[in-house]
Amino acid sequence: MSERFYVTTPIYYVNAQPHIGHAYTTIVADVMNRFHKLLGYKTYFLTGTDEHGDKIVQAAQEAAMEPKAYADRISRLFRETWPKLNISNDYFIRTTDAKHVRVVQHILQKVYDAGDIYFSTYKGLYCIGCERFYTERELVDGKCPDHDREPVEREEANYFFRMSKYQDWLIEHIEANPDFIRPERYRNEVLAFLREPLEDLCISRPKERLSWGITLPFDERYVTYVWFDALINYVSAIDYPDGELFAEFWPAAQHTIAKDILKPHGIYWPTMIRSAGFTPYRHLNVHGYWKINEGKMSKSRGTVVAPLDLVPIYGLDAFRYFLLREMVFGLDANFSEDALIQRLNADLANDLGNLFSRTLAMTAKYFDGRIPPFGAEPEAPDRELRDQTRQTIEVYRAEIPRLGFHKALISIWETLNTANKYIDSVAPWTLAKEAGQRPRLQTVMRNLLEVNRTVAVLIAPFMPETAETMLARLSIPKKALDLRLDEDSRWGTLHEGVPVHKGEALFPRVETEKIAQLKQKGMPPKAGAAALKEAGMELISFEEFKKLDLRTGIVKHAEAVPKSRKLLKLIVDIGEERQVVAGIAQTHTAEEVVGKQVIIVANLQPAKLMGIESRGMVLAVSDGDRLSLVTTAEPVSPGLRVS
RNA sequence: GGCGGUGUAGCUCAGUAGGUCAGAGCAUGCGGCUCAUAUCCGCAGUGUCCGGGGUUCAAGUCCCUGCACCGCCA
């Protein structure tokens, strides 16, 4: 029977749209899932959304929606984001699912029956505006930070979970299992916290104050505190208590989280589990934050780009590679477009892409594009190449389970470097010129093809699309998720005589600076750039042009913006409805523009004009004092991309 | 206020138990190759290893102290 692996992301709170933090956690979990599949484990990968609590009610109110409808909408955003990032989750749970609600009530009842829940009143500082309690330190000058008014002292009766009862047990458990919470810094943080007496956890909210939640099974007047509800998703999704999935996967459970939710996962959850009477998860994997640095690139372009928006620009696999290569799991890391491009160019285009490209090109040239047999006996460089590959596989197997993703990748790149050096030292083009060296050339090229194949397999958890592309070109028509490390990385198992296909560059270099282009033309960079600038011609590359998302749209609705002479507020259908504020009121009335076909810049950074949000820009051209809207020569459907 | 942590080349960071530890990658310069996405390979630098004190024959590496930044807790 194969081994089991169960990984979760947090269920994301639906009060915000998916951003890089969510994406990183989820991609890490995805890499772990794919890695364990590659090792032949039977795996289960869970993600989802957390939908109860007062913050959701607030967010829904602001959007003038019912909580459930609002949660539906944001939840769908998350669900639709993951396929775009190639996330291989098996299930997507929502805390509003009937199945989850049942399990939460089951566990509450069980903990209640065990005597670990009691009813008690407490006094606190309550802000009437927020409808919630504040602690002293949350207040600003003794006032509620949101409403700028002093909270009132208020008494409330609630249910409490006897968390303190499990404090000693938890300390012992963490000490007996050094990798229960990892990396170590977070384990230490939890232990430090546990040195102080643990307070019991308030796990209810009276319905008069908050009704958006799961009703306590033992008191209809209350709903469950959102954390107590949310954490249970990890077992409700796999059919706790009696389901097969639970029996099979729970013992292998690993939670992956960012450091901001360490306490609920490191303290609340294990004690809840203990009280409910089952064994704790195996690992809590805690990572740091991405600090977003606006790179020079973005600045010069005058736009601030959200990291996730870079995915369609630079490619998903480059993005996934960057996140896993750049962050040491557990520590904070910097995200910038510049750094992403640098990794893309240096590691993916130059090292990986180019190695693959030159290997296939020479195979085409010397062997008519067919995989040659091993010819001559291996020589020293051959053995070195193979040893390096073997060593990388070992490092890879050891590092990923202990969250050393960047080390696994570094090791793969050591093999790529060795392969590039290998080509240099054996110089296949020289061998090709000497008739007697044919067998030697066969061995050399075959070795290179084998290395590339192995690398494709190793990068599959990180860059599934690229892995599949590489394998397809080597005539191995396997899906990334069907690969098995043992079989598919075995040296020498390529089939002789099978055709390979060179294809397009795996990772085209991103030529960002004009200077780079000028260099290509042999012009001195500074003089050239300056000359261009003086001439008033700023050339942009096609890559840069492609970043502009120009789309066709039809104006559905228009109204004048009060107190503004120039602005019209438009609702434009570009496949979706967009609110756009356009400065065309001096020449166009609202009535005139409704129904007009327009072109809009769809990926322009949102802005507020006269307090009204504008998400895009309508293109127009001014000729003296006449202003004409840019449109298409023939009527076309809305939402088409201009190219 | 209490307790972690971090501070090493232009940038991002490795530095294990104190003695080839002063390093890697990127960026920069020079040279080589031509199969390749002007890619690859080789060579070359630069560093008061945050400041100050101490232990030691010997300290980024241990101790004390100051500064800066960060985290957790109050």
Side-chain angles (χ1 to χ4, degrees), chain A residues 135-138 181 183-199 258-263 266-267 286-289 291 293 295-296 315 318 322 325-328 330-336 338-367 369 381 404 406-407 409-414 416-433 441 444-445 448-449 452 502-513 515-523 525 543:
Chain A
T135 60
E136 294 277 1
R137 51 188 298 229
E138 284 176 301
I181 298 170
E184 200 181 359
R185 58 199 306 139
Y186 298 109
R187 171 178 186 264
N188 293 339
E189 225 165 75
V190 170
L191 283 173
F193 186 80
L194 288 171
R195 277 201 290 270
E196 306 294 322
L198 204 52
E199 282 183 29
K259 63 184 180 182
D260 58 331
I261 49 175
L262 175 59
K263 209 199 284 184
I267 294 173
V286 189
H287 67 76
Y289 292 149
K291 289 179 289 188
N293 291 348
K296 289 175 204 153
F322 177 84
R325 174 64 184 78
E326 201 76 3
M327 179 174 268
V328 177
L331 305 180
D332 292 352
N334 299 309
F335 186 97
S336 72
D338 287 337
L340 172 64
I341 291 171
Q342 197 175 309
R343 284 283 174 211
L344 172 55
N345 281 346
D347 297 356
L348 299 178
N350 294 355
D351 294 344
L352 172 60
N354 186 52
L355 174 68
F356 193 55
S357 169
R358 63 201 304 214
T359 301
L360 295 183
M362 286 191 279
T363 306
K365 203 161 185 173
Y366 306 140
F367 296 104
H406 71 298
K407 289 189 179 170
L409 288 170
I410 287 169
S411 186
I412 294 172
W413 258 256
E414 279 166 6
L416 293 173
N417 291 339
T418 304
N420 275 322
K421 282 189 182 82
Y422 175 79
I423 294 180
D424 216 62
S425 69
V426 301
W429 48 91
T430 306
L431 297 175
K433 287 172 191 157
L441 183 60
V444 166
M445 289 313 303
L448 284 169
L449 287 161
N452 276 285
K502 182 158 185 296
E504 297 290 303
L506 243 28
F507 295 97
R509 287 177 60 82
V510 177
E511 301 294 354
T512 51
E513 310 284 349
I515 292 164
Q517 299 172 354
L518 293 166
K519 261 188 187 168
Q520 280 184 18
K521 293 171 189 158
M523 290 168 75
E543 294 298 328

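Throughout, a chain's letter reflects where its sequence line sits, starting with A, and its residues are numbered from 1. On a predicted model such as this, the values are computed, not experimentally measured, just so you know.
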Please report, rounded to the nearest Å, how far the [atom2] atom of [N] is from the [atom1] atom of [X].
{"X": "A:Glu504", "N": "B:A36", "atom1": "CD", "atom2": "P", "result": "15 Å"}
{"X": "A:Gln342", "N": "B:C26", "atom1": "CD", "atom2": "C1'", "result": "5 Å"}
{"X": "A:Ile410", "N": "B:A24", "atom1": "CD1", "atom2": "C1'", "result": "9 Å"}
{"X": "A:Leu331", "N": "B:G4", "atom1": "CG", "atom2": "P", "result": "19 Å"}
{"X": "A:Leu344", "N": "B:G25", "atom1": "CG", "atom2": "P", "result": "20 Å"}
{"X": "A:Asn345", "N": "B:U37", "atom1": "CG", "atom2": "C1'", "result": "10 Å"}
{"X": "A:Arg195", "N": "B:A74", "atom1": "CZ", "atom2": "P", "result": "13 Å"}
{"X": "A:Leu360", "N": "B:U39", "atom1": "CG", "atom2": "P", "result": "19 Å"}

[atom1] atoms of [N] and [M], separation to the nearest Å:
{"N": "B:A17", "M": "B:G32", "atom1": "P", "answer": "45 Å"}
{"N": "B:U8", "M": "B:U48", "atom1": "C1'", "answer": "12 Å"}
{"N": "B:U61", "M": "B:G15", "atom1": "C1'", "answer": "9 Å"}
{"N": "B:U6", "M": "B:C49", "atom1": "C1'", "answer": "14 Å"}
{"N": "B:A27", "M": "B:C41", "atom1": "P", "answer": "12 Å"}

Below 4.0 Å: OP1/OP2 of B:C73 and any side-chain N or O of A:Lys263: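 Looking at the OP1 and OP2 atoms of B:C73, one of them is under 4.0 Å from a side-chain N or O of A:Lys263.
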Distance test, side-chain N/O of A:Lys502 to OP1/OP2 of B:C35, below 4.0 Å: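 No, outside the criterion.
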[N]: pairing nucleotide in any strand, Watson-Crick or G-U under 3.5 angstrom:
{"N": "B:C30", "result": "B:G42"}
{"N": "B:G47", "result": "none"}
{"N": "B:A68", "result": "B:U6"}
{"N": "B:G1", "result": "B:C73"}
{"N": "B:U55", "result": "none"}
{"N": "B:U61", "result": "none"}
{"N": "B:G25", "result": "B:C11"}

Closest to the A:Trp429 side chain, choosing from B:C72, B:U34, B:U37: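 Side chain of A:Trp429 sits closest to B:U34.
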Selected nucleotide, minimal atom distance to A:Phe507 side chain, candidates B:C3, B:U37, B:C73: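 My answer, after comparing the listed nucleotides, is B:U37.
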Which residues pass the side-chain hydrogen bond (donor to acceptor under 3.5 Å, both in side chains) test with [X], sequence neighbours left out?
{"X": "A:Arg358", "result": "A:Asn420"}
{"X": "A:Asn354", "result": "none"}
{"X": "A:Asp351", "result": "none"}

Approximate separation, where rounding is to 0.5 Å, of [X] [atom1] and [Y] [atom2]:
{"X": "A:Asn452", "Y": "A:Leu416", "atom1": "CG", "atom2": "CG", "result": "8.0 Å"}
{"X": "A:Leu191", "Y": "A:Glu184", "atom1": "CG", "atom2": "CD", "result": "9.5 Å"}
{"X": "A:Ile181", "Y": "A:Arg187", "atom1": "CD1", "atom2": "CZ", "result": "8.5 Å"}

Syn-anti status, with the boundary at 90° from 0, for the nucleotide B:G60: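 Base orientation relative to the sugar is syn.
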Syn or anti conformation of B:G4, syn meaning chi within 90° of 0: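 With its glycosidic angle within 90° of zero, B:G4 counts as syn.
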Touch class at under 4.0 angstrom, heavy-atom based, for A:Ala349 against every strand present: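 Here A:Ala349 touches the bases of the nucleic acid.
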Sugar-phosphate only, base, or nothing, as touched by A:Leu506 at under 4.0 Å among non-hydrogen atoms: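 Answer is base: heavy atoms of A:Leu506 come under 4.0 Å of a base.
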Qualifying residues under salt bridge (Lys or Arg N to Asp or Glu O under 4.0 Å), relative to A:Lys421, sequence neighbours excluded: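 Scan of A:Lys421 (salt bridge (Lys or Arg N to Asp or Glu O under 4.0 Å), adjacent residues dropped) gives none.
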Whichever of A:Arg343 and A:Tyr289 has its nearest RNA chain B nucleotide further upstream toward 5':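 Result of the comparison: A:Arg343.
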NZ or CZ of A:Lys259 within 45° of A:Tyr289 ring axis and under 6.0 Å: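 Cation-pi check for A:Lys259 and A:Tyr289: passes.
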Pairs under 3.5 Å (N/O, protein and nucleotides 40-42 of chain B):
residue, atom, partner, partner atom, Å
B:C40, OP1, A:Asp351, OD1, 3.3
B:C40, O2', A:Arg358, NH1, 3.1
B:C41, O4', A:Asp424, OD2, 3.4
B:C41, O2', A:Asp424, OD2, 3.2

Sequence-distant partners of A:Asp424, side chain to side chain contact (heavy atoms under 4.5 Å, CB included), two or more places apart: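 A:Asp424: no side chain to side chain contact (heavy atoms under 4.5 Å, CB included) contacts found.
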